Amino acid sequence: MKYILLLLLFPLFAIAQTPAEKQSFKNRDKYLFAARPVQKKFLSTIPFDGKDDQIVVPVIIAGETYHFLFDTGAATVISEEIAARLALKPLFKNNIVDGSGTVQEEPFYSMPNVQFGGVEFKNMVAIVSDMKKFETLYCVKIDGLLGTNLMRTCHWKIDYKNEVITMSDKAIKPGDNFYAVDFNEGFSGSPMLELFMGDYSVNMLMDTGFNGGYSIPDSLYFKSRKNHEKPFKKGYGTTTITLFENDYKERYMGIVDSVYIANKRHLVLNGVADIDHADTFLMGNDIFKGFGEVILDWKKRRIYLPEKVVDVNGEYNTFGFAPVYKDGNVTVSIVWEGSNAFKHGIESGDAVTAINGQNTVDIDSGIWCGILEQIRGKMASEVSVSLLKKDGSTIMCTLKRTNILQ
């Protein structure tokens, strides 16, 4: 079972015209872009946990080690627990938008020095958010997001194959088979790449906080004849979680037609896209891991990718539904049309009372994570579930894992 963890956060970017917009840019330049490494010369390699196509790295703040998501699609975010421990004070407020397209005004907080890979960073600011929901929903320990206000001060290489990140104050030389792709910066420094998807050119965010392939608006997907000639499925519910928890009621999963990056030399085949009403264009780790290595150079505003065709295989293997844990109980978060789960009458919001014979009512998060680990495993080809529907009726069935995009 593959979940899509969608963690996008960046202040709204636009041409500054109004006094409020002008002030946002002044605050960004004064506070957000003030981050700097303390050391002058460094080259560091940091291992990361790449489980479920996420990039989780160790970050030290005030002597304590935390687990942060390495997120090129975000400004730095810390948990409410870290903010309380450090008694942080807000510096300024700004509108931010999450991966659902939901906009909220949030305060930015001044932080003590942050240590990553043996390098200290000063003048850091961060947004504070409830990170517990990510841990309980996905059984992944995440204390915050390591964002682009830190990243844009260094040079980086993400080695997906060996699960290590290299960080340096000097440019990292790409191999002979690499090619440069220019990018534009979003408001908080996030890299925006020009992509050609079917008949359309779009600016897409390189988002290493997104462990899926693409996330694109349904308006674009269904406009492009080439795209929707590929298999797609309709879903009822949600497969994503964002900082503001926008609740989707209907969405699609589909295979995107051939995608060319920038100069049309980098080709990606059969990429899987999460398609919904949000006006977000994201490209995540499920695509970039196919390249093996990615080098980021914020000084030249370039990324370097190997010259290769990446075929993502266009597979979305699922039991036809996804369970989600909250407040001690498990419910159905999404059901895919045409799947066995759909045919058995399972609906979004149904209460899951047992999985593979294990009780899922009034359980703690540790028990839930053990169950989830079993059904996520590649060897788990089928799962038995018991459910209680809103009308009081019950469902007991066994579901096989299948690729719904066939």
Side-chain angles (χ1 to χ4, degrees), residues 6 8-16 71-75 97 99 101 147-148 151-152 155-158 160 171-172 174 177-210 212-228 230 254-276 278-312:
L6 197 160
L8 168 68
L9 180 103
F10 55 92
L12 292 172
F13 53 93
I15 298 174
D71 193 348
T72 58
V97 56
T148 49
M151 292 181 196
R152 65 191 306 276
H155 300 269
W156 305 86
K157 180 171 75 170
I158 307 173
Y160 285 92
I172 297 174
N177 65 327
F178 280 68
Y179 197 86
V181 177
D182 294 334
F183 67 78
N184 294 316
E185 281 189 294
F187 185 99
S188 63
S190 296
M192 308 288 295
L193 305 173
E194 184 182 17
L195 266 64
F196 296 86
M197 305 180 70
D199 306 322
Y200 294 89
S201 169
V202 298
N203 288 316
M204 186 162 285
L205 178 70
M206 177 187 176
D207 187 5
T208 59
F210 174 40
Y214 303 105
S215 179
I216 60 176
D218 52 9
S219 56
L220 172 67
Y221 183 81
F222 289 108
K223 276 181 182 177
S224 175
R225 175 185 56 80
K226 289 185 178 180
N227 280 343
H228 69 249
K230 297 282 187 176
I255 300 175
V256 178
D257 192 68
S258 302
V259 173
Y260 295 85
I261 302 174
N263 49 34
K264 297 193 175 184
R265 293 187 65 167
H266 298 279
L267 179 64
V268 180
L269 301 175
N270 301 313
V272 175
D274 189 58
I275 305 153
D276 55 54
D279 190 22
T280 53
F281 295 86
L282 311 177
M283 182 162 55
N285 292 325
D286 196 43
I287 301 297
F288 287 107
K289 72 175 183 180
F291 287 102
E293 293 181 353
V294 177
I295 295 173
L296 291 126
D297 184 336
W298 260 273
K299 185 176 181 180
K300 294 182 178 179
R301 292 188 178 179
R302 287 178 178 171
I303 70 168
Y304 295 89
L305 298 171
E307 290 258 30
K308 63 187 298 187
V309 174
V310 174
D311 192 337
V312 187

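We're numbering straight along the sequence, starting at 1. In this text, all values refer to a predicted model and were calculated from it rather than measured experimentally. FYI, side chains are in, hydrogens and waters are out, and symmetry mates aren't considered; it's all heavy atoms of this structure.
In this structure, Ser190 contributes its side chain and Thr72 its backbone to a donor-acceptor pair below 3.5 Å. Looking at Lys308, its side chain never comes within 3.5 Å of a backbone N or O of Asn177 through a donor-acceptor pair. The backbone N or O of Thr208 sits less than 3.5 Å from a side-chain atom of Asn285, completing a donor-acceptor pair.
Under the rule for a side-chain hydrogen bond (donor to acceptor under 3.5 Å, both in side chains), Thr148 has no partner lying at least two apart in sequence or in another chain. Take Asp311 and apply the salt bridge (Lys or Arg N to Asp or Glu O under 4.0 Å) test, not counting sequence neighbours, and it matches no residue. Listed by chain and residue number, nothing satisfies the side-chain hydrogen bond (donor to acceptor under 3.5 Å, both in side chains) test with Asn203 (two or more places apart in sequence, or in another chain). For Asn184, the side-chain hydrogen bond (donor to acceptor under 3.5 Å, both in side chains) criterion is met by no residue, not counting sequence neighbours. The side-chain contact (heavy atoms from CB on, under 4.5 Å) test applied to Pro174 returns Phe178, Ile295, Tyr304, not counting sequence neighbours. Under the side-chain hydrogen bond (donor to acceptor under 3.5 Å, both in side chains) criterion, Glu293 pairs with no residue at all, not counting sequence neighbours. Contacts of His155 classified as ring pair (Phe, Tyr, Trp, His ring centres under 6.0 Å), with partners at least two apart in sequence or in another chain: none. Listed by chain and residue number, nothing satisfies the ring pair (Phe, Tyr, Trp, His ring centres under 6.0 Å) test with Phe196 (two or more places apart in sequence, or in another chain).
A pairwise comparison of heavy atoms in Ile287 and Gly213 identifies CG1-O, 3.5 Å as the closest pair. Shown here for Met192 and Gly186, the closest heavy-atom pair between the two residues is CG-N, 3.9 Å. Taking all atoms of both residues into account, the shortest heavy-atom contact from Tyr221 to Ile255 is OH-O, 3.9 Å. For the residue pair Ser258 and Leu269, the shortest heavy atom distance occurs at OG-CD2, 3.4 Å. Summarising the geometry of Ala74 relative to Ser188, their closest heavy-atom pair is C-OG, 4.4 Å, with the distance given to 0.1 Å. Across Ser201 and Glu194, no two heavy atoms sit closer than the pair OG-OE2, 3.1 Å.
Put simply, CG on Leu296 and CD1 on Ile158 are 5.5 Å apart, with the number rounded to the nearest 0.5 Å. Note: Phe281 CZ to Leu195 CG = 10.5 Å, rounded to the nearest 0.5 Å. Once rounded to the nearest 0.5 Å, the distance linking OH of Tyr160 with CZ of Phe291 reads 10.5 Å. Distance check: Trp298 CH2 to Ile303 CD1 gives 10.0 Å after rounding to the nearest 0.5 Å. Between Tyr214 atom OH and Ile275 atom CD1 the span is 12.0 Å, to the nearest 0.5 Å. Rounded to the nearest 0.5 Å, atoms CZ (Phe183) and CE (Met206) are 9.0 Å apart.
Between Trp156 and Met151, the closest side-chain pair of non-hydrogen atoms falls below 4.5 Å. Two residues are said to be in side-chain contact when any heavy atoms from C-beta on lie closer than 4.5 Å; Ile261 and Met283 meet this criterion. The shortest distance between side-chain heavy atoms of Ile172 and Asp297 does not fall below 4.5 Å. Considering only heavy atoms from C-beta on, Lys230 stays 4.5 Å or farther from Val256 through its side chain.
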